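Only a predicted model underlies this, so the values are computations on that prediction, with no experimental measurement involved. Index from 1, following the sequence.
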Amino acid sequence: RHVREAPFRGRGHVEASESHPHCGAGDELTAPVQSVGRGRCEGMRLLVVDDDRIAVDALRTLLEIEGACVAGASNVGAAMERLYEQTPDVVVTDLSMPEQDGYALLNQIRASQRHANLPVIALTGFGRERDVQRVREAGFYRHVSKPVVFEDLLRQIAEAYRTAKPGTGDVPSNRRA
């Protein structure tokens, strides 16, 4: 696991990655240094959910640099606890988690009267058209593919935040896609 600033074509970028011992592949998140730390998430309360703690820590670090207050959770149960501790403005969740997946989390959020309209962004390695369609049909606010392009994720979070009433999760149903 590492989070570092590294050279890239004469410019820097922030890089966070982890190698998995079973397959040699890893999750990776990169963002150009000049694009990090511009306060684009100032005042936002976010919840990041992923069974990979390193992915949660990497996203938390970058989003906090952008000014967000970020809570993390590694499973659906912990995510629901965090939701009731303090309602976030936006939830970003991985879809593939053991025991209960991101769809189960979305269903529990939608079943909660307090959080029913909270914008939930699906973060996933599944990016085929049928995967994107399934995410839409399930009621996620947006689909973001891995490997994550931080700028794209920031845009999706910012849009979800703007359309929601901060702290309430009220999102007009016609704004989901």
Report task. Any chance you could lay out the side chain to side chain contact (heavy atoms under 4.5 Å, CB included) test for V91 and L118, step after step, and finish with the verdict? Result -> CA-CA 8 Å; V91 175; L118 188 65; 3.4 Å; yes
Query raised in the report: Mind checking whether D94 and D51 have side chains closer than 4.5 Å, heavy atoms only?
Result: yes
Requested in this report: Considering non-hydrogen atoms only, spot the tightest contact between G127 and S145 and give its length.
Outcome: CA-OG, 3.9 Å
Query raised in the report: Using the benzene-type ring in the case of Trp, are the ring centres of H143 and F126 under 6.0 Å apart?
Result: no
Query raised in the report: Any chance CD of E99 has more than 12 other-residue heavy atoms, nucleotides or ligands included, within less than 6.0 Å?
Result: no
**Report entry** Residues in side-chain hydrogen bond (donor to acceptor under 3.5 Å, both in side chains) contact with D131, at least two apart in sequence or another chain
**Finding:** R128
**Report entry** Spatial distance of atom CZ (R142) from atom CG (L153) [nearest 0.5 Å]
**Finding:** 12.5 Å
Report task. Look at R60 together with D50 and state whether they make a salt bridge at an N to O cut-off of under 4.0 Å. Result -> no
Query raised in the report: Got a donor-acceptor contact below 3.5 angstrom from the E66 side chain to the G39 backbone?
Result: yes
Requested in this report: Compare all side-chain heavy atoms of V90 with those of Y141 and state whether any distance is below 4.5 angstrom.
Outcome: no
Query raised in the report: How close do G72 and R82 get, heavy atom to heavy atom, and via which atoms?
Result: O-NE, 3.3 Å
**Report entry** Gap between atom CG of D57 and atom OG of S74 - 0.5 Å precision
**Finding:** 10.5 Å
Report task. Test side chain to side chain contact (heavy atoms under 4.5 Å, CB included) on I157 and V92 and set out the steps. Result -> CA-CA 8 Å; I157 290 171; V92 177; 4.0 Å; yes
Query raised in the report: Quick check: are there more than 12 heavy atoms from other residues, nucleotides or ligands sitting under 6.0 Å from CD of Q113?
Result: no
Query raised in the report: Short question: side chain of R136, backbone of V132 - any donor-acceptor pair under 3.5 Å?
Result: no
Report summary line: Shortest non-hydrogen pair, P88 vs L46, comes out as CB-C, 4.0 Å
Query raised in the report: Shortest non-hydrogen contact from V135 to A122?
Result: CG1-CB, 3.8 Å
Query raised in the report: Taking C-beta and beyond as the side chain, do L47 and L83 meet within less than 4.5 Å on heavy atoms?
Result: yes
Query raised in the report: Looking only at heavy atoms, what is the nearest atom pair of C41 and L63, with distance?
Result: SG-CD2, 4.1 Å
Query raised in the report: Can you list the steps and then say if I121 with F140 is a side chain to side chain contact (heavy atoms under 4.5 Å, CB included)?
Result: CA-CA 6 Å; I121 296 171; F140 283 93; over 6 Å; no
Query raised in the report: Between R110 and H115, what is the shortest heavy-atom contact and its length?
Result: NH1-O, 4.0 Å
Query raised in the report: Considering only heavy atoms from C-beta outward, does the side chain of L105 approach that of M80 to under 4.5 Å?
Result: yes
Query raised in the report: So does R45 pair up with E64, basic N to acidic O under 4.0 Å?
Result: no
**Report entry** Note: E137-R130 ion pair, threshold 4.0 Å (strictly below)
**Finding:** no
Query raised in the report: Can K146 and T124 be said to form a side chain to side chain contact (heavy atoms under 4.5 Å, CB included), step by step?
Result: CA-CA 5 Å; K146 291 181 182 180; T124 178; 5.8 Å; no
Report task. For the residue pair T93 and L106, establish whether any side-chain heavy-atom pair is separated by less than 4.5 Å. Result -> no
Requested in this report: Taking R40 for its side chain and L154 for its backbone only, find out whether a donor-acceptor pair lies under 3.5 Å.
Outcome: no
Query raised in the report: Looking at side-chain heavy atoms only, is the closest gap between M97 and N75 below 4.5 Å?
Result: no
